[in-house]
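Here's the structure we're looking at; comments come further down.
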Amino acid sequence: MSEQHDADRGRPTYDVEAIQTKWQKVWAELDPFKARDDDSAERRYLVDMFPYPSGDLHMGNAEAWALGDVIARYWFQQGYDVLHPIGWDSFGLPAENAAIRRNENPVVWTKANIETQAESFRRYAISFDWSTRLHTHDPEYYRWTQWLFLKLYEHGLAYRKQSPVNWCPNDQTVLANEQVVGGKCERCGAEVTKRNLTQWYFRTTAYNQRLLDDMAALEGHWPNRVLTMQRNWIGRSEGAHVDFLIEGRDQPVTVFTTRPDTLFGATFFVIAADAPLAAQVCADEQRETFAAYLEQVRRATEIERLSEGRDKTGVFLGVHTINPVNGERIPVYAADYVLADYGTGAIMAVPAQDQRDWDFAKRFDLPIVRTVRPSEGFDGEAFTGDGPAINSANDEISLDGLPVDEAKRRTIAWLERKGLGRGTINYRLRDWLISRQRYWGPPIPIIHCPSCGEVPVPEDQLPVVLPELKGAEMQPKGVAPLASAVDWVNVSCPRCNEGAKRDTDTMDTFVDSSWYFLRYPTPDDATQPFDVEAVKRWGPVDQYVGGVEHAILHLLYARFVTKALHDMGYLDFVEPFTALMNQGEVINQGKGMSKSLGNGVDLGEQIAAYGVDAVRLTLVFAGPPEEDMDWSDLSPGGSVRFLQRAWRLSGDVTSEPGTDPARGDDALRKATHKVISEATQLLDGQRFNVMVARAMELVNATRKAIDSGPGAADPAVREAAETVAIVLSLVAPYTAEEMWHRLGHAPTVAKAGWPVADPALLVEQTVTAVVQVQGKMRGRLDVPPDISADELEALARLEEKVIRAIGDATIRKVIVRAPKLVNFVVS
RNA sequence: GCCGGGAUGGCGGAAUCGGCAGACGCGAUGGUCUCAAACACCAUUGUUCGAAAGGACGUGCGGGUUCAAGUCCCGCUCCCGGCACCA
């Protein structure tokens, strides 16, 4: 016995440290959470978004894993064959920046942090199958990330193009659209600028409609806000393509519009200044003006471009185009309020019905023609609402008087008939830019050959291993650090054997994490990225747990990769994560924890002070899983107190293990089985905080039964205490195991089996009926649950308080809902 | 501006089928134990009137439906999150 004894009372005390040390060792030997994968039970697959190894685990990690572990451990208790894996998302910038500072290779810092976190996870007692462990920086992992690249390349889903891209001047690398937040680098906060570069892309746009449609199956299983964010990001909009002929060009220029009905009001035409088209159409006499403007646009950061209340800028390109619907000659401008990479990079401008166009028209003194009659009393500028069309007729078509929807349909039909345009659907989603000019990521497995062009590295030559750079060799300088590893770069072309060069960019770390859940079932497979059959057995992930910060990036990419691999025949599902839970954030004193605010709460210190179980319990009990919690509102001390009360029950029970509870105290048994029944429902609904509350009630009831009820020897007391241990095993594994041990059982309580409520014990002998007068509560009656309406009403009429409340009034109506309620309506 | 979510005691939160508002916990107050303190345990704890019995009020605000509304409907306010010159 490792328990210490209280000197005064001679009774064992609840020694958190000792219990933790003791059971950690036992569990390491038992390895109880290893997935069996042997068809002995239904499989369940739970994944927590794997951690980035930056230092030790923190409060946020602690919450996410505590919540995921409740679900995993509940499944273990129910007898499922559970796969609950762990890995590390171990490529990425922080390691690289640290390595530059420390003049070493990023692997050193990365490995050290991983070991620290792994050790913390073990102490934190998460129910992992440790044999699943993987790290994305291992060549044996990224070999398959490169394989994924090659497969996408093979199927036309990976390609290289030149395009204006987001550039982070601080990190000296390009960024995906998704990594630019409010014009700033998502990672370092620097203002992002644009550069025209040739980069690698994954063709996410090939899946835009399916990414949208397949969300129907996630409805109700994914948080609403995540689905909404994904929908916004994909940004489907219905409209039309309209062709415009620009003077001096043979090929028409197509624009996208959601308002084809307003075509008669298009009084000018705008091309994104940084789109190649702008330079192409520009008239010679305007060339200098345009070049100056373009230079100004290029220099501006996104922040400046988007800044509130900024006047529209632009230049006339010296050419005109013809409005196809009315033959009007309208001027063509270049401006930066039109985006080069949305739609076609050019628009028809309808100032009367679009505020941006209105602003531009005012600035450059361009005509404004209303083609939708604004509603009564409208005193704004551009009118974007519904209304009858006006000024919208030519020899062949008249929209006048039609509402917007109908006018759109007619215009599209007319355009299609004339061959001047067509109805279309446009998406905001763009292709995923995956090249990075940094070191610590998987090299792109492409060789550039002067005669053969882009040549994929043959599969049997994977992995393309990173050359071992350290310190300043990785210093970002705008070109990829790999370029300076001359021996590594120069290779012979796999196709023609002549001298060639490796691609020197590495892949975005989001590529690593876009498929890791497929490798967990077979993490050591040296012959393939994942075992198709094993993934069929386990996949898709039944429950995914992680922060909402990945609502767009990671989840969108993982969904895209899953669909692509499905179409290639590797997967039999199209959505990777059947259900998603976003845990809330742990904040402190109303603000996010940060060094600068000095309000950080250190997980290690909390665990040292209160113990693993109390910290986990506090996090789970704080509120609904998805809600943010403020650590300063919580009381780990209270959790310790509760755990101690629970633990003490296990020492008080005097009956032998295996005692038949049927002879036990009826009232306590009923309480126990009610808690079992409720806890089961609450777990199924992921309402873990309420489940903890029920466990607390059972502890209180058991305490009472021991002290002032049937006593410690009653079999119902044992049943209750054992139930407490099992329920607590989902949240407080150490305390639960210790209780289980003191109750005379062998480890491990984690697999004791989830109790089943006895329906006979859930039937109440009496229920409380409420008696109301005028809807106000005036009395309570204890009645049998099968009481008839008449009997209940008769009893209610005899209640003294009810009689008093009715007084002289006449009873107009009596509502009886036996056995719960009687309501007298009087006047 | 658009989209999503929310507002319940001093605090975190329960009440997910329209039927006892405030489960459970924290904090607070009083008590038991103690030389004392801490721990532990017991009791009280929505506001208000009342000595008490008992009553009135009470779920962001204003209306409505209903015998009955935290819950449903209409109109607001405020807070949190996301998107935003996306044609």
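By convention in this document, chain letters (A, B, ...) are assigned in the order of the sequence lines, proteins followed by strands, and residues within each chain are numbered from 1. Basis for what follows: all heavy atoms, side chains included, without hydrogens, waters or symmetry-related copies.
Residue K813(A) is classed as a sugar-phosphate contact, given heavy-atom separations below 4.0 Å to backbone atoms only. Nucleic acid contact for R812(A): none, since no nucleic acid atom lies under 4.0 Å from a heavy atom of the residue. When heavy atoms are screened at a 4.0 angstrom cut-off, R225(A) is found touching the sugar-phosphate backbone but no base atom. At the heavy-atom level, K776(A) lies under 4.0 Å from the strands shown only through sugar-phosphate atoms. At the heavy-atom level, P624(A) lies under 4.0 Å from the strands shown only through sugar-phosphate atoms.
For the pair A622(A) and F824(A), nearest-nucleotide mapping onto RNA chain B gives the more 5' position to A622(A).
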Open item on the list: For D243(A) and R422(A): C-alpha separation, side-chain torsions, deciding distance, then whether salt bridge (charged side-chain N to carboxylate O under 4.0 Å, His left out) applies.
Closed with: CA-CA 9 Å; D243(A) 300 332; R422(A) 58 227 71 91; 2.6 Å; yes
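Distances were taken from every side-chain heavy atom of R641(A) (C-beta onward) to each of A87(B), A14(B), C26(B); the shortest belongs to C26(B). In the set G19(B), G4(B), A87(B), the nucleotide with an atom closest to the side chain of T228(A) is G4(B). Comparing G55(B), G5(B), G25(B) against the side chain of F621(A) picks out G25(B) as the nearest.
Using modelled atom types and a 3.5 Å distance limit, the side chains of D261(A) and T411(A) yield no donor-acceptor pair. With no hydrogens or angles considered, a side-chain donor-acceptor pair links Q353(A) and T371(A) at under 3.5 Å.
Using N1 to N3 plus N6-O4 or O6-N4 for Watson-Crick, or N1-O2 and O6-N3 for G-U wobble, each under 3.5 Å, C41(B) pairs with G31(B).
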Which atom pairs, donor and acceptor, lie under 3.5 Å between side-chain atoms of residues 225-235 of chain A and protein residues at least two apart or in another chain?
from	atom 1	to	atom 2	distance (Å)
T228(A)	OG1	N224(A)	O	2.8
Q230(A)	OE1	R559(A)	NH1	2.7
Q230(A)	NE2	A551(A)	O	2.8
R231(A)	NH2	E219(A)	OE1	3.1
W233(A)	NE1	E178(A)	OE2	2.9

